[in-house]
Amino acid sequence: MRIYNTMTRQKEEFVPIEPGKVKLYACGPTVYNYFHIGNARAFITFDVVRRYLEYRGYEVTYVQNITDIEDKIIAQSIKEHIPFTEVAEKYTKAFLDDVERLGTKRPTFQPKATEYIQHMIDLIKEQVDNGFAYESGGDVYFAVTKLPQYGQLSGKKIDDQKAGARVEENENKQHPADFTLWKAAKPGEPSWSSPWGKGRPGWHTECVVMSRDLLGVTFDIHGGGTDLMFPHHENELAQALATTGKPLANYWMHNGFLNIEGEKMSKSLNNFFTAREILDVYDAEAIRFFFLSKHYRSPIDFNRELIEESKTAVQNFYTALSDLNWLTINPEQIELPEQLNKYIIEFNEAMDDDFNSARALAILFELVGKAKNTTTALLERQAAAKLMVQLGSVLGFFQNTEAHLTQAIDPEKLKLIEALVQQRNLARQNKDWAASDKLRDELIALGLEVKDTKDGTVWKLL
RNA sequence: GGCGACAUAGCCAAGCGGUAAGGCAGAGGUCUGCAAAAUCUCCAUCUCCGGUUCAAAUCCGGAUGUCGCCUCCA
């Protein structure tokens with residue numbers, strides 16, 4: 001299995017620290033608002049990474065942090081006139097709800113920043129003691145110039161930054177690129193006691209202490225959105241190096257950004273969509289398909305037509321299952337013939353190559369074709385469907401097949417439909433095609449698909 | 001100013017030196033009373049210009065274009 005490692009800018013053979021086990025950390029949300037469709041991409045990306053590693057037989061420990069104390073949360077608490085803890089609770093719950101609707105598997109651990117305050121203070125203290133951090137005006141900063149490797153991950157040199165980039169002006173800092181480890185509390189702000197007075201930890205410290213606590217000093221994979229590479233991940237790495245001298249993680253994975261109709265998503269452009277808004281309109285698997293149809297590292301452009309296309313594409317899976325009356329079958333009794341092995345091999349090859357989900361989806365469609373092919377034996381079709389479900393599940397599809405295949409239809413409508421079908425059958429028997437066609441139009445107007453097969457008329461909701 | 005990514009059919013998208021996967025949309029044949037579904041068939045030489053090579057979408061150089069990061073951000 002090969003993974004593109006941001007640290008080395010190339011695909012590398014994946015070798016876990018401990019054979020058979022993978023320790024994975026991916027940055028979770030700051031719970032100050034509902035998360036947006038771009039966040040959803042990151043969650044789905046690492047959900048698939050995790051699922052695939054498990055499918056490949058690894059025991060995966062997956063940690064996703066929840067940042068429940070941060071400047072934006074404080075700002076939101078002022079805006080909503082409620083304590084910051086209520087803001088955090090409200091949006092943590094929303095996060096967990098939405099992420100479940102997206103169909104992501106619950107991480108092994110979802111630690112909260114506020115549960116790790118003491119750990120963070122300890123880590124900051126360690127850095128001060130080691131001479132990598134300094135206290136200034138109640139704040140504590142990390143001195144980037146003390147760490148020669150600083151910039152290693154993002155490929156940035158401290159001195160290059162000064163030329164054109166805007167760097168926050170702060171008299172307390174020794175160097176403009178120094179970042180905050182501990183922030184002194186202003187009156188009224190939530191705070192914790194520390195050797196440097198009352199304040200709160202900076203964001204970059206929490207991932208270091210949580211990962212160390214739950215995964216160990218160096219773990220296997222650290223993931224997140226590409227924008228987190230700098231400064232967030234760079235600053236995490238710096239703190240790990242400053243305290244242990246060892247790298248934080250062996251592989252760094254970064255998912256690409258999502259744009260909205262070619263433009264960066266932002267509130268000012270009024271093209272900002274929360275995941276729950278999208279989930280209210282589109283099926284979670286259509287959204288998943290949309291993301292997985294492109295490689296996770298590429299930028300992706302979100303627009304309605306593409307989601308519609310994805311929706312149609314996913315329907316193919318379920319049409320195949322529906323045609324086979326999948327819910328009446330016990331898949332365990334279907335044996336996979338050897339001819340299907342090549343699809344498994346191709347699927348694994350695709351996913352082994354830095355999680356090439358777009359290629360993996362193509363294999364699913366080859367299986368759809370086999371499952372739908374009415375010119376072949378039923379058992380062959382069922383076997384293809386079984387494999388499609390198996391491999392699709394690795395990508396997070398088919399989590400709720402029953403709901404997708406069961407048509408919720410209200411009894412009144414059902415009666416009407418059945419009556420119309422009955423009338424139409426009569427008309428067809430009498431070869432009254434005009435009446436038959438008219439009745440079919442009525443059925444189609446009800447949102448149905450109508451097929452006349454050898455065994456009679458079949459209909460289903462679209 | 002620094003760093004980086006990308007450019008493949010109407011749209012989305014794989015491909016990473018050996019002659020263009022897949023999805024959506026579209027066209028035609030079979031089947032059907034007609035449809036639908038199914039099935040068969042068709043639909044690109046890879047932004048441009050040079051170079052390396054027996055061979056390039058794939059490597060190198062250049063041009064053009066698009067996008068991202070350097071500031072909170074998935």
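Just so it is clear: chains get the letters A, B, ... in the order the sequence lines come, proteins before strands, and each one is counted from 1. The basis for the numbers below is simple: all heavy atoms, side chains too, and nothing from hydrogens, waters or symmetry mates.
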* Are more than 12 heavy atoms from other residues, nucleotides or ligands located less than 6.0 Å from atom NZ of A:Lys183? -> no
* To do: Enumerate the residue pairs fulfilling salt bridge (charged side-chain N to carboxylate O under 4.0 Å, His left out) with a member in residues 275-284 of chain A, sequence neighbours excluded, ordered by first and then second residue.
  => A:Asp98-A:Arg276, A:Arg101-A:Asp280
* Asked: Under a 4.0 Å heavy-atom cut-off, which of residues 273-302 of chain A touch RNA chain B?
  -> A:Ser293, A:Lys294, A:His295
* Per-pair stack call A:Phe257 and B:A74, 5.5 Å, 30° -> yes
* When you measure from the side chain of A:Asn356, which nucleotide among B:G15, B:A21, B:U39 comes out closest? -> B:G15
* Asked: Any sub-3.5 Å donor-acceptor pair from A:Asp354's side-chain atoms to A:Tyr4's backbone N or O?
  -> yes
* Structure fact -> ring pair (Phe, Tyr, Trp, His ring centres under 6.0 Å) pairs touching residues 373-397 of chain A, sequence neighbours excluded, are A:Phe317-A:Phe397
* With a 4.0 Å cut-off on heavy atoms, is A:Lys431 in touch with a base, just the backbone sugar-phosphate, or nothing at all? -> nothing
* **Derivation and outcome, ring-ring contact (aromatic ring centres under 6.0 Å, His included), residues A:Phe219 and A:Tyr251** => CA-CA 9 Å; A:Phe219 55 93; A:Tyr251 301 85; over 10 Å; no
Output one line per pair: protein atom, nucleotide atom from nucleotides 17-20 of chain B, and distance, for all N/O pairs under 3.5 Å.
none

* Does B:C16 pair with anything, Watson-Crick or G-U wobble, both distances under 3.5 Å, and if so, with which nucleotide? -> none
* To do: State whether A:Lys460 places a side-chain N or O below 4.0 Å from either non-bridging phosphate oxygen (OP1 or OP2) of B:A36.
  => no
* To do: Would you mind classifying the nucleic acid contact of A:Gly223 as base, sugar-phosphate or nothing, using non-hydrogen atoms under 4.0 angstrom?
  => nothing
* Asked: Within this structure, what is the CD-to-C1' distance between A:Glu449 and B:A36, rounded to whole angstrom?
  -> 6 Å
* Integer-rounded Å distance: B:A36 C1' and A:Leu439 CG -> 16 Å
* Structure fact -> From the candidates B:A74, B:C12, B:G23, the one with an atom nearest any side-chain atom of A:Leu306 is B:C12
* Just how far, in rounded Å, is P of B:A21 from CD of A:Glu349? -> 17 Å
* Structure fact -> Across every strand shown, the nucleotide meeting Watson-Crick or G-U wobble geometry with B:A21 (both distances under 3.5 Å) is none
* A:His204 has an atom NE2; how far is it from atom C1' of B:A74, in whole Å? -> 15 Å
* Between atom CG of A:Leu96 and atom OH of A:Tyr91, what is the distance when rounded to the nearest 0.5 Å? -> 14.5 Å
* **Separation of the C1' atoms in B:U52 and B:C60, to the nearest angstrom** => 7 Å
* **Selection residues 29-49 of chain A - residue pairs positive for salt bridge (charged side-chain N to carboxylate O under 4.0 Å, His left out), sequence neighbours left out** => A:Asp47-A:Arg51, A:Asp47-A:Arg288
* Asked: For atom C1', what is the distance between B:C16 and B:C46, given to the nearest Å?
  -> 14 Å
* Pairing residues for A:His36 by the side chain to side chain contact (heavy atoms under 4.5 Å, CB included) criterion, not counting sequence neighbours -> A:Asn39, A:Met265, A:Phe272
* **Note, A:Val208 side chain near A:Leu237 side chain (heavy atom, < 4.5 Å)** => no
* Structure fact -> Residue pairs meeting salt bridge (charged side-chain N to carboxylate O under 4.0 Å, His left out), one or both in residues 304-323 of chain A, sequence neighbours left out, come to A:Asp323-A:Lys451
* Hey, does A:Leu258 reach any base, or is it just sugar-phosphate, or nothing, if we go heavy atoms under 4.0 Å? -> base
* Asked: What does B:C59 pair with, Watson-Crick or G-U, if both distances are under 3.5 Å?
  -> B:G51
* Nearest listed nucleotide, side chain of A:Thr312, among B:A25, B:A13, B:G22 -> B:A25
* Asked: Touch check for A:Gly224, heavy atoms < 4.0 angstrom, all strands: base, sugar-phosphate only, or nothing?
  -> sugar-phosphate
* What is the distance, rounded to the nearest whole Å, between atom NZ of A:Lys264 and atom P of B:C72? -> 12 Å
* **A:Glu70 CD to B:C72 C1', straight-line distance once rounded to whole Å** => 7 Å
* Only counting residues at least two apart or in another chain, list the ones meeting salt bridge (Lys or Arg N to Asp or Glu O under 4.0 Å) with A:Lys438. => A:Glu442
* Asked: Quick one: is A:Asn316 getting a side-chain N or O under 4.0 Å of the B:C24 phosphate, OP1 or OP2?
  -> yes
* Per A:Lys372 side chain, nearest of listed nucleotides B:A74, B:A38, B:G4 -> B:A38
* Separation of A:Gln152 atom CD from B:C3 atom C1', in whole Å? -> 16 Å
* Structure fact -> To the nearest angstrom, the NZ-C1' distance between A:Lys156 and B:A5 comes to 12 Å
* Which residue pairs satisfy the ring pair (Phe, Tyr, Trp, His ring centres under 6.0 Å) criterion with at least one member in residues 439-459 of chain A, sequence neighbours excluded? -> none
* **Given RNA chain B, 5'-ward residue of the pair A:Lys11 and A:Asp227, judged by closest heavy atom** => A:Lys11
* Asked: When rounded to the nearest Å, what value does the distance between P atoms of B:G23 and B:C40 take?
  -> 12 Å
* Separation between the P atoms of B:A9 and B:A14, rounded to whole Å -> 13 Å
* Is there a ring-ring contact (aromatic ring centres under 6.0 Å, His included) between A:Phe398 and A:Tyr318 once you walk through the steps? -> CA-CA 9 Å; A:Phe398 308 116; A:Tyr318 289 104; 5.5 Å; yes
* Asked: Rounding to the closest angstrom, what is the interatomic distance between B:G62 and B:C67 at atom P?
  -> 22 Å
* Asked: B:G29 and B:G22: how far apart are their P atoms, nearest whole angstrom?
  -> 23 Å
* To do: Using the closest heavy atom to pick a nucleotide of RNA chain B for each, name whichever of A:Val450 or A:Ala42 lands nearer the 5' end.
  => A:Val450
* Structure fact -> Under a 3.5 Å limit on both distances, the Watson-Crick or wobble mate of B:C31 is none
Exercise answer: donor-acceptor pairs, residues 357-371 of chain A side-chain atoms, under 3.5 Å, sequence neighbours excluded:
unit_1, atom_1, unit_2, atom_2, d
A:Ser357, OG, A:Leu292, O, 2.8
A:Arg359, NH1, A:Asp353, OD2, 3.4

List every contact pair, protein side and nucleotides 27-33 of chain B side both N or O, where the distance is under 3.5 Å.
unit_1, atom_1, unit_2, atom_2, d
B:G33, O6, A:Ser436, OG, 3.2
B:G33, N1, A:Asp437, OD1, 3.0
B:G33, N2, A:Asp437, OD1, 3.3
B:G33, N2, A:Asp437, OD2, 2.9

* **Watson-Crick or G-U wobble mate for B:C69, both contacts under 3.5 Å** => B:G2
Residues 425-432 of chain A, side-chain donor-acceptor partners within the protein, below 3.5 Å, at least two apart:
unit_1, atom_1, unit_2, atom_2, d
A:Asn425, OD1, A:Thr457, OG1, 3.3
A:Asn430, ND2, A:Leu426, O, 3.3
A:Asp432, OD1, A:Ala435, N, 3.3

